[in-house]
Amino acid sequence: MDPEQVDEFVMCYLKKKGFNSAAKRLEEVLHQNNGSSFSSIDYHNDPELTKLIRSFSQSEDDPTRYREGYSKLRSWAYNSLDLYKHELLRVMYPVFIHCYMDLVGKGHTQEARAFFNSFRKDHEMIHIRDLQKLEGVLAPSHLEEMEFARSLRQSKVNIKICQYSYDLLLQYLHRTESTLMLGIINEHINFQVYSGQPNSASDDIEAVTIVGSFQDTANHINQKEIQWGLLEDSLEDRLEKTGGLLSDSEKGQGESKDGDMDDSSKKRSTEIGKQGSSIKKLKKDKAGNATAKVARQETSMVSLAPRVKPELALPVMSTDVEQSILEDLRNRVQLSSVAMPSVSFYTFLNTHNGLNCASISHDGSLVAGGFSDSSVKVWDMAKIGQAGSCALQGENDTNDQIVGPNGRRNYTLLLGHSGPVYSATFSPPGDFVLSSSADTTIRLWSTKLNANLVCYKGHNYPVWDVQFSPFGHYFASCSHDRTARIWSMDRIQPLRIMAGHLSDVDCVQWHPNCNYIATGSSDKTVRLWDVQTGECVRIFIGHRSMVLSLAMSPDGKYMASGDEDGTIMMWDLSTARCITPLMGHNSCVWSLSYSGEGSLLASGSADCTVKLWDVTSSTKLTKAEEKNGNSNRLRSLRTFPTKSTPVHALRFSRRNLLFAAGALSKPAS
Amino acid sequence: MSIVPKETIEVIAQSIGITNLLPEAALMLAPDVEYRVREIMQEAIKCMRHSKRTTLTASDVDGALNLRNLEPIYGFASGGPFRFRKAIGHRDLFYTDDREVDFKDVIEAPLPKAPLDTEVVCHWLAIEGVQPAIPENAPLEVIRAPAENKIHEQKDGPLIDVRLPVKHVLSRELQLYFQKIAELAMSKSNPALFKEALVSLASDSGLHPLVPYFTNFIADEVSRGLNDFVLLFNLMHIVRSLLQNPHIHIEPYLHQLMPSVVTCLVSRKLGNRFSDNHWELRDFTANLVALILKRFGNTYITLQSRLTKTLVNALLDPKKALTQHYGAIQGLAALGHNVVRLLILSNLEPYLSLLEPELDAEKQKNQIKSYEAWRVYGALLRAAGLCVHDRLKIFPNLPSPSPSFLHKGKGRIIKTEPLKRKLNVDSSENRSPQKRLITTDGLQSQHDSGLAPMQEDKPAGNENPPQNSVQPSSSEQTSDASESERRNARGKEGGKGRRAITKKAILDQIWKDDLDSGRLLLKLYQLYGERVLPFIPCTEMSVFI
């Protein structure tokens with residue numbers, strides 16, 4: 001192209017854009033330069049040129065071009081070949097949100113809203129929550145301010161797409177000269193083109209979540225090595241050894257052992273103390289005895305897990321505590337899809353909508369409730385069980401107020417927080433309680449002294465969750481300030497701060513070997529952090545709404561997470577892939593718990609049910625799935641509906657008795 | 001564009017004292033206000049989730065404002081949900097109903113009751129995977145889980161049917177109504193009024209709540225008032241009216257009603273005076289039974305079998321009184337011809353032999369006993385006769401209006417043509433025997449109508465006890481069997497042999513056509529003699545007479 005032509009292009013462009021003075025000036029300069037008359041190129045008769053020029057001139061100021069371009073692309077995608085359609089449709093969502101944000105960014109608020117509303121329906125099914133967030137973005141300044149929008153703008157979305165779909169898309173974009181769409185796609189989508197047939201529509205979980213720059217980093221992070229094995233020389237190991245000894249001695253001293261068992265179960269039942277009738281006790285004890293031996297075999301499943309060394313200095317356990325735990329483990333009932341656990345339910349009455357959280361100690365004898373009036377209340381169910389057993393046997397009147405032995409309240413009231421208490425947790429032996437509150441502090445209480453011992457300050461915003469480590473002493477907390485922190489009981493400063501989540505960290509859970517913690521966040525991801533280094537070692541992407549609960553399998557290999565929509569996802573820690581989503585709840589999953597040997601998963605939800613899931617079959621089936629590409633199916637074993645009581649907390653005791661707690665949500669009439 | 005209109009911004013500005021807000025500024029502010037509100041709500045939802053709730057409260061919004069370091073909005077943290085009211089005339093405008101409260105009232109109001117303290121109770125949600133049916137658990141009806149194993153679980157578990165007591169509220173009017181009806185039934189003083197009451201019972205629509213009370217009342221009174229004939233009759237009338245009422249769904253209460261009804265049918269003694277016509281009551285009740293069976297026999301499968309069992313037991317027990325037998329026979333007859341054929345006719349011969357001595361006026365000196373026996377005999381005869389009549393009715397040739405019509409008829413008619421021809425031939429004779437039969441029976445004057453014999457015979461059996469009791473003494477001195485022989489013989493020797501032959505021919509023909517009914521008829525004929533004949537060709541005879 002010779003320079004004259006270039007000059008003319010520039011001239012036309014300036015004229016088109018209405019920069020008249022500039023155009024005049026240019027003309028003058030041109031005249032001065034070569035004095036020759038302006039030889040006009042008839043750009044009107046040159047269609048190629050006109051189009052190009054028009055595209056230049058229009059792209060700047062015409063908001064309807066977004067709508068046109070998008071709706072054309074949309075109808076093309078919907079009319080494309082069935083085989084490739086879902087891949088092409090996947091492209092639509094990032095294009096949609098970026099079109100919208102472009103429009104907002106250029107100040108076409110009205111058009112942006114109209115555009116948003118007309119195509120919103122297409123994406124509502126999968127991205128409803130993101131859309132709700134974006135809907136509020138109405139001014140360029142909001143784009144800057146809003147974290148979510150900013151991260152979307154700054155990062156590229158990874159989309160896996162097969163070669164042919166990619167070609168189709170490019171062909172379409174070039175053929176129709178939709179430079180605008182092409183620009184958006186180039187700017188914001190990072191295609192990972194692979195050869196071969198397109199993936200089936202079902203297994204594109206990764207494509208569902210578009211969370212900023214995650215995918216890249218996530219893939220990178222998830223390459224890191226983690227040691228998901230259990231601790232060496234754990235109690236289970238010791239139990240194996242002692243268990244072996246016991247089974248040897250069993251031949252000679254069967255009777256005395258039986259007597260031993262009876263004693264222990266008696267002790268246990270007084271310890272738990274809440275059984276209403278002796279029949280129930282008997283029944284359970286029998287089951288305990290019958291399966292005690294089998295239970296020992298089953299622990300070998302857990303023991304199959306590799307052993308790792310602890311990275312933290314673990315507290316020394318006193319021998320009698322250790323003995324009682326060993327005793328519990330020995331008497332553990334083996335659970336499976338055919339052997340269901342007994343579920344004991346603690347119902348909070350007269351909470352006046354004030355119960356924010358509930359927690360059950362490891363042996364089930366203590367129950368703590370955190371209330372919105374800043375109080376923490378701890379009930380000793382062993383005592384209440386004795387006092388209340390008559391009420392249970394008698395008139396079955398749940399409204400009957402059980403008055404404590406002294407005629408006053410039968411719980412320990414722990415006052416100290418100055419904001420709603422959002423979480424409480426018991427130390428493994430049950431001698432300490434930790435509570436976290438909206439007043440940004442965590443408090444340590446002693447259940448023996450019924451007094452506040454320490455106040456841990458460090459978070460800047462409400463502390464949503466706090467969890468004791470499986471061995472006590474250490475605990476983890478997470479907060480609205482987007483961090484999770486590791487603490488030890490004897491220091492008022494946090495030991496580690498885990499930062500990385502893009503939104504509130506809503507729940508935290510320890511790995512059984514204490515070397516990792518998992519955090520669930522409002523950014524719809526779950527992260528696994530190395531406690532020693534404070535690094536994020538895994539990112540689990542797949543949830544479609546905020547993650548509310550987490551549980552780790554006892555063998556340390558799997559993790560379950562429950563979200564706001566009622567979906568539970570099973571993750572393989574080593575691959576960071578979702579094994580299977582467990583669908584069934586239709587409201588928030590508040591709580592998850594694995595049974596002692598890891599064969600069952602219990603979930604408690606706001607839909608007033610406790611569900612039991614067969615975890616072994618779901619992990620096994622995925623192997624089969626890999627072979628024959630079978631679609632996943634529900635593996636819900638049981639559903640226990642409660643009487644309008646959302647289930648706030650769940651815990652499998654060491655003997656595999658499932659404890660659940662919740663507040664009666666409406667007064668029983 | 002923004003869901004917050006600029007007018008709202010202007011109003012807010014005015015309310016905080018900014019009067020000169022430029023419209024452009026309002027327009028600019030509107031989207032920002034919307035964004036801020038959304039932001040606050042997002043945080044509030046987080047607070048709600050962490051409070052483990054699914055409904056947003058004012059405290060959550062306060063919590064969210066706290067998170068943003070903003071002053072909370074005071075005055076809304078009541079805990080309970082807001083009551084929004086719709087602004088009249090606006091579609092989407094709501095406001096909280098904030099009443100003005102008099103300060104004095106608040107101060108003078110008594111202190112509210114202290115709220116109950118929080119407590120924890122414990123129960124078994126499940127025992128080894130099975131939910132026990134205890135009041136603390138959700139009622140089992142609610143369990144409608146999509147999973148199939150749910151059903152297994154329900155089957156597995158030791159289920160106890162937990163039924164909460166239902167409060168049954170009866171309106172004052174209904175209570176009065178019930179009282180009135182009960183009084184009327186008990187007092188028996190005002191038959192006219194009682195009749196009105198029965199009409200009301202049979203037609204009023206709002207009586208359903210009273211049905212359990214009526215069934216209870218009837219059951220009580222029947223068991224208590226077996227000596228009170230009028231009362232029993234009244235009660236049965238009430239039952240009948242209840243059954244007739246189209247608005248009452250009485251089926252669930254039938255099992256309570258039936259014992260009372262059956263009692264009135266087969267009780268040994270109904271009423272304590274001789275003048276009480278308990279036969280009438282039994283007949284009435286038998287009709288009632290028939291009515292019940294007709295209406296509910298299909299839906300209430302076991303009803304018929306249970307009823308027949310009771311009645312047959314009453315009939316076949318020789319120790320039972322004759323009155324009971326009578327009731328049983330009437331009841332069985334009311335149950336339909338099939339029942340009669342299967343249950344009465346099969347037992348007819350032995351029963352009649354049992355009844356024989358009672359019928360004999362010489363052997364049975366007790367007038368009442370003998371009378372009762374004849375009543376039973378009459379009932380049996382009627383039942384058997386009606387049954388046979390029904391059997392014969394199924395032959396189309398008998399009620400046929402004209403032979404010519406029949407000739408054009410279908411195969412079946414052609415098949416039975418010989419009989420018809422024979423009948424045509426014998427028509428003249430056929431008429432006279434009937435007349436003769438009636439005259440020989442000497443009970444009533446001769447009637448020309450073909451149906452008359454049947455009508456006449458029934459009253460003979462039922463309504464004219466004095467005549468009936470005379471009958472055996474006047475015309476039949478000997479036993480039944482011998483009587484029939486005698487009659488046959490008399491018929492032959494009276495020069496009316498052809499009548500007998502004709503009869504035999506008819507019977508043979510029928511026997512040919514239907515072995516079963518033919519045999520039956522023969523048997524009946526043997527047992528009853530001519531007395532059964534009025535039942536047989538009556539409709540047919542109407543053609544000829």
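Each chain gets a letter, A, B and so on, in the order its sequence line appears, and its residues count up from 1. All figures in this text were calculated on a predicted structure; none of them were measured in a lab.
One finds the CG atom of A/L134 at 6.0 Å from the CZ atom of A/F116 (value rounded to the nearest 0.5 Å).
Of all the listed residues (A/K377, A/H480, A/M546), the one sharing the greatest number of non-hydrogen pairs under 4.5 Å with chain B is A/H480. When each of A/D506, A/L355, A/L612, A/T351 is scored by its heavy-atom pairs under 4.5 Å with chain B, the top score falls to A/D506. The greatest number of non-hydrogen atom pairs below 4.5 Å with chain B, out of A/A606, A/S644, A/C588, is found for A/C588. Of all the listed residues (A/E135, A/E111, A/H352), the one sharing the greatest number of non-hydrogen pairs under 4.5 Å with chain B is A/E135.
Taking the six-membered ring for Trp and thresholds of 30 and 60 degrees, A/W464 and A/Y422 have ring planes more than 60 degrees apart, a perpendicular arrangement. Taking the six-membered ring where tryptophan is involved, the planes of A/F659 and A/Y346 are essentially parallel, since the angle between them stays under 30° and well short of 60°. Relative ring orientation between B/Y35 and A/H142 is described as parallel, the plane-to-plane angle staying below 30° on a 0-90° scale split at 30° and 60°.
Residue A/F348 is tested with A/L664, A/V367, A/T645 for a side-chain contact (heavy atoms from CB on, under 4.5 Å); the sole match is A/V367.
Proximity to chain B (any heavy atom under 4.5 Å) is shown, for A/P420, by neither the backbone nor the side chain. Using a 4.5 Å cut-off between heavy atoms, A/S605 does not touch chain B at all. For A/V610, the part sitting under 4.5 Å from any heavy atom of chain B is the side chain, from C-beta outward, and nothing else. Within the 4.5 angstrom heavy-atom criterion, atoms from both the backbone and the side chain of A/T347 approach chain B.
Salt-bridge formation is not detected for the pair B/E24/B/K6: no Lys NZ or Arg NE/NH1/NH2 atom is positioned less than 4.0 Å from an Asp or Glu carboxylate oxygen.
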